[in-house]
Engineer: 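Structure below; questions to follow.
Keep in mind it's a predicted model, so treat the numbers as computed, not measured. Each chain gets a letter, A, B and so on, in the order the sequences are listed, and its residues count up from 1.
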Amino acid sequence: MALLDLDPQVVAKARELAAKAAEPVVALAKAHTTVSVERATLRLAGITGADTTHRAGDVPWVNRVVDTVREHCGLEHGVALPVFHALREHDLPTLTDLAEATAAGQVRYTLPTGRDRDRARKAATAAITRGLRTVDRNRAHRDKLVTKLGDPPRRPWLYLIVATGDIDEDVVQARNAARAGADVIAVIRSTGQSLLDYVPEGATHHGFAGTYATQENFRIMRAALDEVSKEVGRYIRLTNYASGLCMPEIAVLAGLQRLDMMLNDSMYGILFRDINPVRTFVDQRFSRQVHARAGIVINTGEDNYLTTADAVDAAHTVTVSQLLNAHFAHEAGLPDHLLGLGHAFEINPEIPESFRLELAHALLARELFPDAPLKWMPPTKHMTGDVFHGYLLDGFFTLAGLLTGQSILLVGMMTEAVVTPFLSDRDLALRNVRYVLNAAGGLREDFRPAPDGLIVRRAHQVLGEAVDLLGRIVDDGLLDAIADGTFGLMKRPATGGRGADGVIAKADDYLNPAADLLEAQP
Amino acid sequence: MALLDLDPQVVAKARELAAKAAEPVVALAKAHTTVSVERATLRLAGITGADTTHRAGDVPWVNRVVDTVREHCGLEHGVALPVFHALREHDLPTLTDLAEATAAGQVRYTLPTGRDRDRARKAATAAITRGLRTVDRNRAHRDKLVTKLGDPPRRPWLYLIVATGDIDEDVVQARNAARAGADVIAVIRSTGQSLLDYVPEGATHHGFAGTYATQENFRIMRAALDEVSKEVGRYIRLTNYASGLCMPEIAVLAGLQRLDMMLNDSMYGILFRDINPVRTFVDQRFSRQVHARAGIVINTGEDNYLTTADAVDAAHTVTVSQLLNAHFAHEAGLPDHLLGLGHAFEINPEIPESFRLELAHALLARELFPDAPLKWMPPTKHMTGDVFHGYLLDGFFTLAGLLTGQSILLVGMMTEAVVTPFLSDRDLALRNVRYVLNAAGGLREDFRPAPDGLIVRRAHQVLGEAVDLLGRIVDDGLLDAIADGTFGLMKRPATGGRGADGVIAKADDYLNPAADLLEAQP
Amino acid sequence: MKRHVRPYGDTTGDGMVQTSFTLPVPAGPKADGAALQLATKMGIDPAMVVHSRPIGDGFTFFVVYGSVRHIVDLDDVRVVERDYPLLPPAEVNTALRRLLRRKLVVVGACIGTDAHTVGIDAILNIKGFAGEKGLEYYRELKVVNLGAQVSVPELVRRARAEKADAVLVSQVVTQRDAHLLNTREMSAAFREAMGERRPLLIAGGPRFDPLMAADLGVDRVFGRSTTPGDVASYLVHAVRTRKENP
Amino acid sequence: MKRHVRPYGDTTGDGMVQTSFTLPVPAGPKADGAALQLATKMGIDPAMVVHSRPIGDGFTFFVVYGSVRHIVDLDDVRVVERDYPLLPPAEVNTALRRLLRRKLVVVGACIGTDAHTVGIDAILNIKGFAGEKGLEYYRELKVVNLGAQVSVPELVRRARAEKADAVLVSQVVTQRDAHLLNTREMSAAFREAMGERRPLLIAGGPRFDPLMAADLGVDRVFGRSTTPGDVASYLVHAVRTRKENP
Ligand code: B12
Ligand code: B12
Ligand SMILES: Cc1ncc(COP(=O)(O)O)c(C=O)c1O
Ligand SMILES: Cc1ncc(COP(=O)(O)O)c(C=O)c1O
């Protein structure tokens with residue numbers, strides 16, 4: 001039931017402008033590849049493991065191979081042809097053998113032509129198809145488990161973070177959280193990972209404020225959650241981050257290990273990790289295609305803007321970003337029901353009527369994206385060491401989520417301003433959420449924003465400002481808007497940022513069977 | 001704006017039945033006096049102080065005199081005539097001198113007749129009129145201070161408890177509470193006081209879980225609050241308890257020391273202190289007449305029922321009691337705007353939709369008594385040692401109060417289940433309330449219980465059950481209903497309870513100028 | 001289970017605790033330092049003062065997080081173990097009949113100025129607590145519930161008159177140690193009045209530490225969340241012990 | 001103000017504190033006893049375990065209230081006193097010009113993998129913090145803000161290139177003592193690279209203890225709620241001190 005009486009023409013206009021603003025960036029994304037897209041391709045083709053003999057520590061085989069290919073024949077044609085050509089040429093049984101040989105300096109990569117090219121393409125396509133089949137099987141398996149064990153009994157789903165830095169402790173915390181009512185477990189990554197241009201290997205125990213995202217950690221946690229899912233009688237979803245310099249690869253690993261949701265925002269890496277904008281948009285598109293294939297819900301990161309910009313002043317930038325994220329996602333093949341667009345309860349609680357302003361913003365998102373599983377993020381910026389007050393604020397956050405029909409609730413922690421959550425914080429937080437959902441579950445039926453009241457007026461105002469801003473972005477270009485500090489006050493010029501040297505303009509004969517298969521997906 | 005669509009006929013019926021049920025009890029109250037009513041009369045006439053030489057500890061002079069009068073000539077004629085007759089006979093300058101002489105065994109009280117009677121009556125009336133004038137002056141002074149300093153800027157007013165047992169520590173806590181936002185300070189009494197058949201004297205420092213109500217403690221606290229009122233720029237109200245065996249005297253002391261609100265319930269003493277029902281109803285009527293004269297807001301105690309009975313099952317008993325309390329109050333001369341009828345947020349928070357049920361109950365009270373300054377009491381019974389969760393519950397309690405337009409909010413304490421409040425509990429609690437009132441102040445405009453929704457249905461149901469119960473009470477008699485455990489599950493037969501021997505049937509020539517003057521008040 | 005444990009924040013052995021308190025000092029760096037000193041004395045090291053807020057001019061409220069040095073030695077934990085079996089009502093009745101050949105008389109009260117009867121009623125009234133019926137439900141128990149605010153002399157008088165085998169007192173108010181003072185006064189009065197022939201004395205209430213029985217001069221102390229069954233089973237055990245070691 | 005103080009619940013000297021923690025033991029009387037033991041070791045005596053709640057099978061969460069024995073000796077409180085005057089921007093500028101006859105160069109960064117720039121931006125950016133303009137606003141300061149996730153070698157390189165007089169680093173993430181490790185690594189690198197001629201080193205972040213400066217090898221540490229004015233005034237003071245005792 002629509003409560004805000006939004007003008008459908010204004011809404012349509014907003015979507016149109018977003019599409020227009022996104023267009024040049026999509027073109028850019030299609031015209032380039034990146035080292036990580038190429039590595040992701042090889043991961044789909046079956047390369048796993050790392051070179052443990054390297055002096056700088058473990059180097060994943062995919063990095064060794066892609067770096068070498070780049071050196072030998074460039075990446076503008078894609079990595080698939082040189083690699084599968086070399087495999088056949090050297091008559092090696094597996095890609096791992098090829099990688100080892102590469103490390104030993106025994107392989108010289110070249111771009112095959114003629115029949116060699118056809119053969120290499122076929123072999124590559126076959127290998128990658130096998131990889132995608134694993135992804136498909138995981139998706140089907142998830143569907144089966146959901147059918148068997150069931151979805152959470154109610155909306156919003158409760159999303160909890162674990163962040164000990166040690167996968168084994170994470171498992172303890174995740175299991176307990178699930179038993180206490182969590183529906184989704186997110187394993188936060190170690191602070192440094194997003195800037196690594198490789199994906200670490202194996203089970204890890206020494207992250208800072210988070211645990212490394214590795215294929216093995218994914219596997220361990222998914223297995224633990226499968227176990228606890230059975231115990232609690234509902235399918236517990238697992239989340240990680242497809243972001244940073246290895247976004248495409250992590251998306252692939254998520255598909256291979258049956259993760260269920262991924263943090264994946266079109267601009268987060270640019271704004272908050274100072275990653276090169278072009279690199280990000282290219283990696284984004286590929287990773288979203290993988291998510292679409294894997295049936296993984298993406299979570300976008302608009303909440304972050306409100307930690308660096310003011311949640312009232314910048315409310316419309318959230319709306320603009322949601323519209324852009326939604327467009328980029330659709331373009332990459334993600335349907336609405338996989339669009340966990342983000343937004344957050346971050347208004348300064350000292351502001352008069354702050355709670356009602358939150359309701360206005362949250363309701364606006366709800367009514368703009370009625371079919372998307374919106375992800376509602378708790379207060380962080382205005383949390384303080386007063387954990388009692390923080391506990392209260394988190395309760396009102398949940399209430400706002402409930403009144404405005406949010407889909408996924410990231411459960412707030414009273415220790416937000418103090419430490420990464422304790423075991424007990426999570427338990428207390430779930431008790432908090434449960435009280436609110438249980439005690440006021442049906443209150444939505446009694447919530448009718450006054451037609452000309454503060455909430456309705458505010459929502460209209462924010463939408464209006466969003467349309468205006470989108471107009472300006474269409475005129476100036478999205479990359480310029482980002483450079484100007486439009487989002488989260490972070491100024492990121494298109495030519496700056498990390499990982500720019502990992503972007504490669506595609507040659508005309510660029511070939512990537514993974515990209516082709518994903519592009520062709522229904 | 002009426003949200004519940006209550007049937008005015010049902011409401012009228014409820015009020016009529018309450019009046020009918022109260023009738024025999026009012027008659028009973030009119031036909032009797034009590035030792036405390038007589039002592040209160042003497043306090044109005046000017047007796048203060050205590051016999052400090054008595055071996056059983058200090059005995060207030062009023063007790064010495066009334067006990068002696070009772071011994072000498074009974075109390076059925078009232079204490080005024082024998083006392084003022086003796087004063088003249090013994091040619092003593094003041095009542096205190098008379099009291100001293102009484103203690104020394106030098107006075108023999110008799111009931112004067114003829115001209116002696118007239119003279120005694122006149123003298124008594126003059127003295128008591130002086131006492132009432134002090135009460136009137138205090139009322140006027142309060143009005144002046146309120147005009148000058150102002151009322152709290154918004155509803156609900158915030159009502160805070162101090163309960164250290166030591167009046168000096170209470171002052172520290174009360175001052176800090178006022179600075180932190182409290183509008184009303186209530187000094188809780190020591191656990192034992194309500195069963196004392198005298199009012200202690202002087203400043204006290206050794207109460208248990210509360211501080212003794214004494215005239216001096218009243219004075220100290222009122223003076224401290226006058227000071228802090230100036231500092232904070234609004235008139236801070238002071239509350240105490242006109243209940244227990246000395247209810248009428250405490251009412252008088254409250255009037256003399258400019259207290260602003262008093263806990264004063266028609267049945268609390270019976271139910272929760274096992275005080276004799278007749279004693280209570282007689283003391284009640286007199287004390288309420290005093291409150292009416294003094295412009296003191298009474299606070300009734302329906303919240304207590306929900307600590308011994310279940311808040312859902314017994315919701316209608318709260319409504320019934322409010323209707324009775326309102327009727328008794330009107331009959332004693334209290335206008336609606338002095339009727340702080342009580343109710344509470346005491347539903348088990350584990351019950352589904354508990355918050356919405358609270359809204360239904362609170363809204364029912366609001367719509368039944370639109371002009372009464374309703375007092376909304378926080379959760380206590382279901383508070384536990386989990387102070388974090390308690391802090392959250394208190395926040396939702398405030399929200400319910402705000403959504404349903406309650407007038408006075410007793411601020412809940414997170415340590416409810418642990419200790420009498422710490423200084424910091426009060427500060428945290430006020431921070432809690434302020435957040436809710438500030439952040440969601442206008443949310444009432446968006447709260448529209450669905451016409452056939454849970455809230456409306458529940459309110460109608462409770463009102464219906466209340467009318468049914470009132471019907472049964474009219475049939476069986478209120479005293480029998482009390483004996484049967486109708487209220488708070490406490491069974492209190494009319495002949496049982498403490499203080500019964502302090503009840504005296506009035507003789508035909510009973511005279512009490514205080515009662516007459518109060519009865520005659522506009 | 002390991003013998004030695006430490007508090008658990010998010011990693012085994014991290015020792016993390018949260019604490020809050022008010023100091024009577026004006027807010028400021030000195031106050032924060034004072035809070036840190038206190039936390040350190042409590043064994044929290046390193047301690048983080050994560051919140052400090054003035055209360056009026058002379059007080060500051062703090063929230064502190066940090067790791068406590070202390071190690072809990074589980075072998076050293078003293079608890080009042082239930083040294084008797086939990087019996088269903090039927091078995092309580094059978095045992096009592098066999099032991100006494102008459103009903104066991106229980107007198108209950110809230111003593112002193114305490115008027116919190118909900119707790120003792122939960123133990124005594126048929127309605128009971130946590131799904132268990134109260135002692136009135138037991139055929140072989142005679143229950144006399146004196147209610148609230150019963151003075152100690154009155155309690156002794158009634159216990160004598162009823163020939164009580166057991167006296168159950170409840171104490172909920174703890175400010176200024178009211179519960180301890182009242183209970184000690186009560187046990188002393190029974191000792192004085194009856195010496196060795198005094199009834200079993202049982203105290204209960206949410207803030208009692210069951211380890212304090214001897215100190216309070218009573219036979220047993222029950223804390224929060226006690227159920228009627230706990231008490232009934234204890235009564236059987238105590239009567240049996242008294243009989244076996246008169 | 002008195003020298004010796006205790007926590008204040010509702011009465012002077014009552015010593016009341018609240019604490020909460022989790023122990024890796026299954027819920028039950030034994031767990032409550034363990035909590036009591038820990039509280040006692042913390043000096044809370046008597047302690048009341050007012051809440052205990054199982055978290056999964058192997059953990060129990062507790063809330064404990066009680067009175068701590070410890071006495072805070074205010075004379076013993078060590079704080080980093082502000083040993084320099086707080087100057088308004090104009091005076092900072094005048095003083096710096098007089099002292100240096102050129103702009104003072106400040107290089108700021110979030111080092112290690114920390115990406116929390118809001119805090120250092122609050123100090124450096126014109127926009128400032130708590131109503132005070134940031135260091136960029138000061139005419140006599142040249143501010144180079146390197147942003148987030150700057151590696152230590154990179155920081156040293158840039159500081160050298162910019163001829164930094166002062167290097168300001170921010171550390172917000174504290175898990176596994178990341179902030180301490182990174183800051184020590186940073187100060188060691190500057191010592192190594194420049195010896196005595198290293199720039200002033202200033203660390204800041206919400207969980208730093210200002211007492212740790214020496215231990216971390218930096219000149220000054222700023223904690224939560226620092227304002228730009230605090231830092232600017234300190235810079236004047238430090239430059240003057242360096243000049244006076246070269
Ligand atoms: C209900 C209640 C009341 C009711 C009591 C009604 C009644 N007839 O009992 C009313 C409203 C009348 C009341 C009044 C007061 N109360 Co009151 N009240 C409470 C409240 C909300 C709940 C207590 C309760 O019923 N618990 C439920 C029962 C089942 O639990 P229980 O008592 O712990 O009992 C269990 C065990 O302890 C054990 N047990 C208890 N007794 C016994 C005895 C034996 C022999 C055995 C074996 C076991 C046993 O078994 C029970 C079942 O498991 C508490 C706060 C809270 N949430 O705890 C405050 C509280 C107890 N009250 C308090 C106070 C101060 C008062 C007042 C003095 C102040 C005032 N508010 O005016 C007055 C005066 C009372 C007086 N003279 O004693 C304080 C006590 C502070 C302290 N620690 O010293 C509390 C903690 C609130 C607070 N934080 O200020 N109160
Ligand atoms: C905003 C924020 C973010 C933003 C940062 C945006 C940005 N560009 O800065 C985003 C969303 C990107 C983010 C990400 C993460 N965050 Co973060 N974040 C916060 C948050 C909500 C607020 C921090 C803040 O801005 N405070 C406001 C500023 C003004 O205060 P301040 O930093 O204390 O600075 C003041 C003083 O300390 C001092 N100061 C600070 N630095 C310096 C330096 C100098 C030289 C001087 C003189 C003074 C000084 O002056 C400032 C003004 O007074 C806190 C929680 C909280 N409420 O505190 C978590 C928090 C800091 N984040 C945390 C974590 C773990 C992360 C992540 C690792 C995990 C995740 N959530 O994915 C990521 C990765 C970040 C990374 N690689 O470092 C944890 C750290 C836990 C710990 N103690 O170890 C916190 C505490 C949340 C939590 N409880 O888990 N975060
Ligand atoms: C959308 C999004 N992506 C990624 C991250 C995580 O950051 P990193 O990529 O540094 O692990 C976040 C953090 O909250 C986020 O919101
Ligand atoms: C209406 C009413 N009167 C009196 C009291 C106080 O009790 P006592 O009279 O024992 O001081 C209360 C306690 O909350 C109350 O609600």
Side-chain angles (χ1 to χ4, degrees), chain A residues 163-166 172-180 188-196 205-211 228 231 244 271-275 304 307-309 380-381 384-385 387-388 414 417-428 430-431 488-492 496-498, chain D residues 18-27 35 51-64 109-122 125-127 145-152 154 171-182 185 205-207 223-225:
Chain A
T164 69
D166 179 334
V172 173
Q173 310 238 354
R175 276 221 185 92
N176 279 318
R179 288 181 188 124
I188 300 299
R189 305 200 300 186
S190 179
T191 51
Q193 182 163 9
S194 44
L195 299 189
L196 301 180
H205 307 280
H206 291 287
F208 287 106
T211 307
V228 84
E231 187 189 319
L271 301 170
F272 295 96
R273 291 297 171 267
D274 198 9
I275 293 175
N304 295 288
T307 67
T308 50
T380 64
K381 183 180 181 175
T384 68
V387 288
F388 300 102
M414 68 178 189
V418 184
V419 287
T420 44
F422 288 174
L423 183 71
S424 54
D425 295 333
R426 225 170 274 117
D427 192 70
L428 279 163
L430 280 170
R431 222 165 116 57
L489 304 179
M490 311 303 279
K491 299 187 177 177
R492 302 298 189 194
R498 310 179 204 238
Chain D
Q18 171 272 333
T19 184
S20 73
F21 49 80
T22 302
L23 291 176
V25 292
H51 175 68
S52 55
R53 181 179 149 83
I55 302 184
D57 291 338
F59 296 88
T60 310
F61 175 67
F62 303 94
V63 178
V64 177
C110 268
I111 59 170
T113 54
D114 203 322
H116 291 90
T117 53
V118 178
I120 184 117
D121 287 349
N125 290 3
I126 288 216
K127 197 178 151 201
N145 187 345
L146 302 180
Q149 300 193 312
V150 178
S151 70
V152 167
E154 168 77 3
Q171 286 286 273
V172 173
V173 174
T174 61
Q175 210 196 27
R176 294 167 196 267
D177 288 337
H179 60 316
L180 307 181
L181 300 177
N182 286 333
E185 183 193 334
R207 298 287 157 259
R224 72 196 154 100
S225 312

Engineer: Under a 4.5 Å heavy-atom cut-off, does chain D meet the side chain of A:Leu195, its backbone, both or neither?
Structural biologist: side chain

Engineer: Is A:Ser424 close to chain D through its backbone or its side chain, or both, or neither, when contacts mean heavy atoms under 4.5 Å?
Structural biologist: both

Engineer: Do you know which of A:Leu489, A:Val418, A:Thr308, A:Val172 has the most heavy-atom pairs under 4.5 Å to chain D?
Structural biologist: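 Among the listed options, the one with the most contacts to chain D is A:Val418.
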
Engineer: In terms of heavy-atom proximity below 4.5 Å to chain D, should A:Thr307 be classed as side chain, backbone, both, or neither?
Structural biologist: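 Backbone of A:Thr307 only, per the 4.5 Å heavy-atom cut-off to chain D.
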
Engineer: Residues two or more places apart in sequence or in another chain: which of them pass ring pair (Phe, Tyr, Trp, His ring centres under 6.0 Å) with D:Phe21?
Structural biologist: D:Phe62

Engineer: Show your working on side-chain contact (heavy atoms from CB on, under 4.5 Å) between D:Asn182 and A:Phe208 and close with a plain yes or no.
Structural biologist: CA-CA 12 Å; D:Asn182 286 333; A:Phe208 287 106; over 6 Å; no

Engineer: If the condition is side chain to side chain contact (heavy atoms under 4.5 Å, CB included), which residues does D:Pro206 pass it with, not counting sequence neighbours?
Structural biologist: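 Expected list: D:Val172, D:Arg224.
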
Engineer: Sort A:Asp166 into side chain, backbone, both or neither according to what part of it lies under 4.5 angstrom from a heavy atom of chain D.
Structural biologist: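 When you check distances to chain D, atoms from both the backbone and side chain of A:Asp166 fall under 4.5 Å.
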
Engineer: Name the region of A:Ala209, side chain, backbone, both or neither, that has any atom closer than 4.5 Å to a heavy atom of chain D.
Structural biologist: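 Backbone plus side chain of A:Ala209, per the 4.5 Å heavy-atom cut-off to chain D.
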
Engineer: Go through it in stages, so that I can follow the logic: the residues are A:Leu423 and D:Phe61, the test is side-chain contact (heavy atoms from CB on, under 4.5 Å), and I'd like the CA-CA distance, side-chain angles, deciding distance and then a yes or no.
Structural biologist: CA-CA 9 Å; A:Leu423 183 71; D:Phe61 175 67; over 6 Å; no

Engineer: Please flag which part of A:Arg498 lies under 4.5 Å from any non-hydrogen atom of chain D: side chain, backbone, both or neither.
Structural biologist: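 The answer is the side chain of A:Arg498.
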
Engineer: If I take atom CD1 from residue D:Ile55 and atom CG from residue A:Asp427, how far apart are they, to the nearest 0.5 angstrom?
Structural biologist: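 Taking CD1 in D:Ile55 and CG in A:Asp427, the distance rounds to 4.0 Å.
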
Engineer: Counting only non-hydrogen atoms closer than 4.5 Å, does A:Ala177 touch chain D with its backbone (N, CA, C, O), its side chain (CB onward), both, or neither?
Structural biologist: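 Neither the backbone nor the side chain of A:Ala177 comes within 4.5 Å of chain D.
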
Engineer: At a heavy-atom separation under 4.5 Å, does A:Asp274 approach chain D through its side chain, its backbone, both, or neither?
Structural biologist: neither

Engineer: Measure across D:Asp57 and A:Asn176 and return the closest heavy-atom pair with its distance rounded to 0.1 Å.
Structural biologist: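 Answer, listing the atom of D:Asp57 first, then A:Asn176: N-OD1, 4.5 Å.
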
Engineer: For the residue pair A:Phe388 and D:Gln18, establish whether any side-chain heavy-atom pair is separated by less than 4.5 Å.
Structural biologist: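 Yes; the side chains approach each other to less than 4.5 Å.
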
Engineer: Give me the atom names and distance for the closest heavy-atom approach of A:Thr191 to D:Gln149.
Structural biologist: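 What the structure gives for the nearest pair is O-NE2, 3.3 Å.
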
Engineer: Tell me, for A:Arg426 versus chain D, whether the close heavy atoms (under 4.5 Å) come from the side chain, the backbone, both or neither.
Structural biologist: neither

Engineer: Contact part of D:Ala148 toward chain A, heavy-atom cut-off under 4.5 Å: side chain, backbone, both or neither?
Structural biologist: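 Just its backbone gets close to chain A.
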
